[in-house]
There are 2 protein chains.
Amino acid sequence: MVIDKRSGVPVYRQIAADIRERITSGEYAPGAQLPSEQDLTATYDVSRPTIRDAVGLLRAEGVVYSQHGRGVFVTPPRKVQRLSRSRLSKAARQENKGAFLGDAAAGGFTPSTTVKIRFEPADERTAELLGIQPGTEVTVRDRVMRADGLAVQLAVSRLPREFTRGTPIEETNTGPGGAYGRLEEAGQEFAPFEEIVRARMPSPEEASTLQLAEGVPVLHVTRIARNTNGVALEVNDMILAADRYELGYEIRTD
Amino acid sequence: MVIDKRSGVPVYRQIAADIRERITSGEYAPGAQLPSEQDLTATYDVSRPTIRDAVGLLRAEGVVYSQHGRGVFVTPPRKVQRLSRSRLSKAARQENKGAFLGDAAAGGFTPSTTVKIRFEPADERTAELLGIQPGTEVTVRDRVMRADGLAVQLAVSRLPREFTRGTPIEETNTGPGGAYGRLEEAGQEFAPFEEIVRARMPSPEEASTLQLAEGVPVLHVTRIARNTNGVALEVNDMILAADRYELGYEIRTD
DNA sequence: AAGTGGTCTAGACCACTAT
DNA sequence: TAGTGGTCTAGACCACTTA
């Protein structure tokens, strides 16, 4: 009973800190069930909403998760998949059918992808990233990647339509080597890709399609592919569950 | 009044969705104040805890923030600083005193840094990343970087002590070019750096030192510096507020 | 059927900010 | 002083899981 109601620190935060410490100390092991809310109200001698505030804090931190009707559990460490961005090399593209399918082979899961293709005028941001006029028609490939049926990655790829017209890039199946393979066939030569990495909390839609637990942010990766003349060919926005992925980059020092 | 109490969707989620939509539609502009909780209880005809649940959801998403005694406000878009990792090049190192000071010049803020140096036996993870035996003595440089007095970045750098003994790396001030400069002076030649990027919710300590708002994750970047023989010289764990930083990488396609 | 967490009510008192 | 959000209580009823 480490709760001091006169300390000025809110009781629910003191309780959260106490439980958090019991977790890090190993008293509550990974995957273990916490005492029920009723038990906790008794041990800390507070009302249930106060206990729920405390547990809610830990959930927002991703330290615990709760299952309706079952209980509250210590979040076990996730096994994380490393996405080594060097796999975007030309050689890797030629071997695999696309980046995601290559990961599947490495990760040992069954991949599946849903693709929706549409054409739309470039919005402000897309236009700036691609270096084109807003309103220029772009081909949009909107993909949901699944591993063993579970959605794990969202990707929206936009290319000026002038580069995709008459190619399989406007089809569901782009063929071996993916869209990049088709662009190379059309004579394009790639400059180094640029990737911009951000993190934020998911929108409700993202949280539900990726089935994210509370307290799990998403990684938002924007890739810009340019040819050797500096002309942008594609901008690809990828959303990844941060508890399932980490990104590996190599930085040349020369 | 878009609330349907018999729809099965929790009322507080419906209210949150309604407010969220009013924000994205522009009815509540960035920085604008939301109606008070009392007003919201009246307009949605629910009790205050229900309103608080709804607003709490939006806070956890980082969509709004609240100030005690003032009100709840729409989170305005942050101006984000791009950290282009190519600045780790040898040339950049020679010009600037260190990566962070280089950023300061670009960002136009006054930088300050607090460094704490200690020596400790390598733990499991450090040993594995550095390719050394657990327990081997490592030099730890624990830094808090501030911009205009506000902590914006935490960095913990660990190097096998054999590479730092007798060098300014064991001092607060490492001199021009930072620790990497000293390692090069000692004859080390760097292989490409490896960086691993993760995102997660902050610990309470991180949240308070970085003064993070609710619903703001952190970027956790682990950099491993090796010499051309593949020997790891340093592992550097950096924690960045995700609403203030984005990371830029370049990926060679050859 | 029993136990769990999820939702919601109707209050109370407090701390902070503004005027 | 008035208005705001922050904390906390003591219940109620529901939905879900497990046995």
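Here the structure is a predicted model, which is why all the values come from computation and not from measurement. No hydrogens, no waters, no symmetry mates; every other heavy atom, side chains included, goes into these values. Every chain is numbered from 1 and lettered A, B, ... according to where its sequence line falls, protein lines coming before strand lines.
- Remark: R200(A) pairs with E206(A) by the salt bridge (charged side-chain N to carboxylate O under 4.0 Å, His left out) rule, at least two apart or across chains.
- Ranked by how close their nearest DNA chain C nucleotide is to the 5' end, R48(B) and E37(A) are led by E37(A).
- In this structure Q67(B) satisfies the side chain to side chain contact (heavy atoms under 4.5 Å, CB included) test together with Y65(B), R70(B), F73(B), sequence neighbours excluded.
- Looking at Y249(A) and E195(A), their side chains do bring a donor and an acceptor atom within 3.5 Å of each other.
- With T113(A) contributing its side chain and M145(A) its backbone, the two residues share no donor-acceptor pair below 3.5 Å.
- dG3(C) atom C1' lies 16 Å from atom CG of L34(A), rounded to whole Å.
- Residues of residues 62-72 of chain A that place a heavy atom closer than 4.0 Å to DNA chain C, in numerical order, are S66(A), Q67(A), H68(A), G69(A), R70(A), G71(A), V72(A).
- The footprint of chain A on DNA chain D, defined by a heavy-atom cutoff below 4.0 Å, extends from dT7(D) to dT18(D).
- Applying the side chain to side chain contact (heavy atoms under 4.5 Å, CB included) rule to S47(A) yields the partners P49(A), T50(A); only residues at least two apart in sequence or on another chain are considered.
- Using a 4.0 Å heavy-atom criterion, one finds that P49(A) contacts the bases of the nucleic acid, with or without backbone contacts as well.
- Phosphate contact (OP1/OP2 of dT4(C), side-chain N/O of Q38(A), threshold under 4.0 Å): present.
- Evaluation of the side chain to side chain contact (heavy atoms under 4.5 Å, CB included) rule for P204(B) yields R20(A), E61(A) as partners, not counting sequence neighbours.
- If you check every strand for non-hydrogen atoms under 4.0 Å, V55(A) touches nothing.
- A salt bridge links D237(A) with R125(A): the closest approach of a Lys/Arg side-chain nitrogen to an acidic carboxylate oxygen falls below 4.0 angstrom.
- When all heavy atoms are compared, the tightest approach of V216(B) to M201(B) is O-CE, 3.9 Å.
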